[in-house]
**Student:** 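Have a look at this one before I ask anything.
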Amino acid sequence: MIPKHVVDEVRVRADIVSVISATVTLRRRGSSWVGLCPFHNEKTGSFNVIPTKQIYHCFGCGAGGDVFTFLQKTRGVAFIDAVKELAAQTGVVIEERQLSPEETARLNRRKDLYDTCEAAARWFETTLLVGRDGAPGRAYLEKRGVTLDTAKRYRLGFAPEGWNNLENHLRKEGYDLDLLLRAGLIKKQEERQTTYDVFRGRLLFPITDDRARPIAFGGRVLPGADKEAPKYLNSPGTEIYEKSKVLYGLSYARNAVQRKDRLIVVEGYFDAVSLWQAGFEEAVAPCGTALTAQHLEMVRRLTTKVVALFDTDEAGINAALRSLELFLAAGVQAMRLDLPGAKDPDEYVMKNGAAAFEERLTKTEPLLELVIRRVLDRHGASAEGRARAVAELVPTLRKLSGTVRDITIRRAAGWLGVPEDEILREVGRAPQDAPQTPAPARWTPDKDLAHLIWLVVHFPNEVKPIMATVEDPGLVSDRSDVLQAIARCLAGQTLPDVLAWAETDAPDIARVLASAAASPDLYRLEAAAFACRGILAGMELRELDARIRRITREIEHGATTGDKSSYMSRVVESATLNARRVVLQKLLNRKARAEG
Ligand SMILES: [Zn+2]
């Protein structure tokens, strides 16, 4: 673990605006920077970065946090890695505090796996580029038209024939058997009590994580190999590799994807590699699996446009319909790429060149349109056919929500030639088996409390002495977590710290605090103390009025029942409350004049 003062120092030194700018285009607005939220789909910027408070906040979806939270959420890295990365960039030296034995063990286990995969990648790479055993791999690369530069860029490698080449090499370098097994590089032959290399006689594509570290491999057999051998072989899942969360080539493609605002998804490693070689750096491939929701979640942070090949035979259309739901739910538009006369992008670009491929990219069509057209083809364009087509598409449309749903329905209506209202009506008709559960209401403070929280967030030092005079905190809020949040701010905790606490203990308060920090100036510094006094007076006055009403009722009741002693004490109390009321009212009048 990293000591807190070091985390604080990294946070101060890392400029939150420039860190977030790497992902989100920000424009200055007053003391904030504003852009399109990377956490929800929007057309207008509700996403605010507030450098003075070192936080970001989205008024649209409520996402908020500090520079570390941002990296964690957009890149899927752990807190500690986010801190380390920014520490390295800002030149802060980290001396870690003593880890618990379990933490150390876990970290070391992962680190060992990264090291092992890196060592394997290096050996495969060297074998391909210069090794005596690498000749078949080099010949194959040449045959496929992959240049040496490209091979180096992707760190392509070669695993020669033979059962224990990698194992022998890595064991000599000090990696033990258990590690090689856990990294998915070798396997056990239980009956004969032996082990063997997973990759033999294959061209290797290292699969990397978001920091371009090899975590797994994909291997292609060479032509002329055993017919039984699968054409492609991938590493099994390990502690550091989950195939549903990794896209081959994404660590290299990230910048190009953002720059061109599109991602090309291809099926094979060779497709991604030869597109890169042809100048299309924004190409990635899933690692031997269909696209998952997690993939699209990663993609959506970079772009909302995905270009992919979808088969147009019946089976292909059914597969496309399934992936369409994923795309629609993720708010990512899927565009279908058609490559006539080629079985894959690799073949197309090798045969026709980059310009022809670029030309194809201008002729993509939305997958939704393709699916709708196929459904229409099946049912016919008559009024009845259209109605049946709508009925078939409704279950898909129902899975969407918000603006994504509105836009999709509008498009679908256009392509189907059916009024938008008609589709909306069908989609809105709640299916019998899926009861709609309303989202839990968001907690929002009333105006006084919202203003008080704003003051506490912006001018803690000015309002602290006044808040210290509050005798009954129940007047401020009946929620202990709200009071706790206020107390933390007044005690001098930084907003990121208070948010980090609230994030786990009181998420809706985290949202309210971040929203206050991102809100425009309500009061000037000089007016803060006075405003705070006024708000507290207003809160007390409301409570006082309620008590006075209650006592007045009791006095009236006492007068009729003739209970003298309690009657007199009520009258005295009422007089005291009314005197206090006059004081408060005067203060509020002064405040109203000052603001008026
Ligand atoms: Zn948002």
Side-chain angles (χ1 to χ4, degrees), residues 11 14-77 79 82 254 257-258 261 263 293-306 326-333 399-408 438-445 450 453-454 457 485 495-496 498-500 502-504 506-520:
R11 190 191 289 117
D15 173 19
I16 189 168
V17 173
S18 68
V19 171
I20 292 182
S21 290
T23 315
V24 181
T25 308
L26 295 173
R27 273 186 201 84
R28 194 172 190 120
R29 189 187 294 161
S31 55
S32 295
W33 292 74
V34 180
L36 293 179
C37 180
F39 304 109
H40 83 281
N41 213 0
E42 65 171 0
K43 289 248 166 6
T44 54
S46 334
F47 181 77
N48 283 254
V49 181
I50 308 102
T52 51
K53 300 274 176 251
Q54 301 164 22
I55 63 155
Y56 65 89
H57 175 70
C58 172
F59 285 101
C61 66
D66 63 7
V67 71
F68 306 124
T69 326
F70 186 82
L71 287 186
Q72 283 175 268
K73 290 190 178 163
T74 52
R75 297 240 310 272
V77 297
F79 172 75
R254 184 172 281 113
V257 171
Q258 283 178 301
D261 193 20
L263 178 82
Q294 283 123 310
H295 286 144
L296 289 177
E297 194 47 48
M298 295 177 343
V299 168
R300 202 181 66 80
R301 292 173 201 143
L302 304 172
T303 180
T304 53
K305 197 168 143 197
V306 165
L326 276 184
F327 280 107
L328 291 172
V332 174
Q333 192 177 19
K399 291 184 183 150
L400 311 178
S401 59
T403 44
V404 177
R405 185 166 104 156
D406 298 345
I407 293 167
T408 309
R442 280 181 172 185
W443 176 76
T444 39
I453 290 173
W454 188 94
V457 165
L495 197 55
V498 182
L499 289 185
E503 201 66 55
T504 45
D508 48 357
I509 291 166
R511 182 177 43 77
V512 168
L513 288 173
S515 152
S519 292

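FYI, side chains are in, hydrogens and waters are out, and symmetry mates aren't considered; it's all heavy atoms of this structure. Note that the numbering runs from 1 along the sequence shown for the chain. Whatever order the structure lists them in is the order used to number ligands and atoms, beginning at 1.
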**Student:** Check the Zn ion (ligand 1) and write out every protein N, O or S atom at under 2.8 Å, as residue and atom.
**Tutor:**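 The answer is Cys37 SG, His40 ND1, Cys58 SG, Cys61 SG.
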**Student:** Of all residues at least two apart in sequence or in a different chain, which pass the side chain to side chain donor-acceptor pair (under 3.5 Å) check with His57?
**Tutor:**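 If we apply the side chain to side chain donor-acceptor pair (under 3.5 Å) test to His57, skipping adjacent residues, there are no hits.
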**Student:** Please name all residues satisfying salt bridge (Lys or Arg N to Asp or Glu O under 4.0 Å) with Arg254, sequence neighbours left out, ordered by chain then number.
**Tutor:**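 Salt bridge (Lys or Arg N to Asp or Glu O under 4.0 Å) list for Arg254, sorted by chain: empty.
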**Student:** Over all heavy atoms of both residues, which pair between Val49 and Ile16 is shortest? Give the atoms and the distance, please.
**Tutor:**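 It is CG1-CG2, 3.8 Å.
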**Student:** Evaluate side chain to side chain contact (heavy atoms under 4.5 Å, CB included) for Asn48 paired with Tyr56, printing each intermediate quantity in order.
**Tutor:** CA-CA 5 Å; Asn48 283 254; Tyr56 65 89; over 6 Å; no
**Student:** Hey, does Ser46 have a side-chain heavy atom less than 4.5 Å from the side chain of Cys58?
**Tutor:**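 Counting from C-beta outward, Cys58 and Ser46 do come under 4.5 Å.
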**Student:** Please output the side-chain donor-acceptor pairs of residues 20-30 that fall under 3.5 Å, not counting sequence neighbours, one pair per line with the distance.
**Tutor:**
unit_1 : atom_1 : unit_2 : atom_2 : d
Ser21  : OG     : Val17  : O      : 2.7
Arg28  : NE     : Gly30  : O      : 3.3

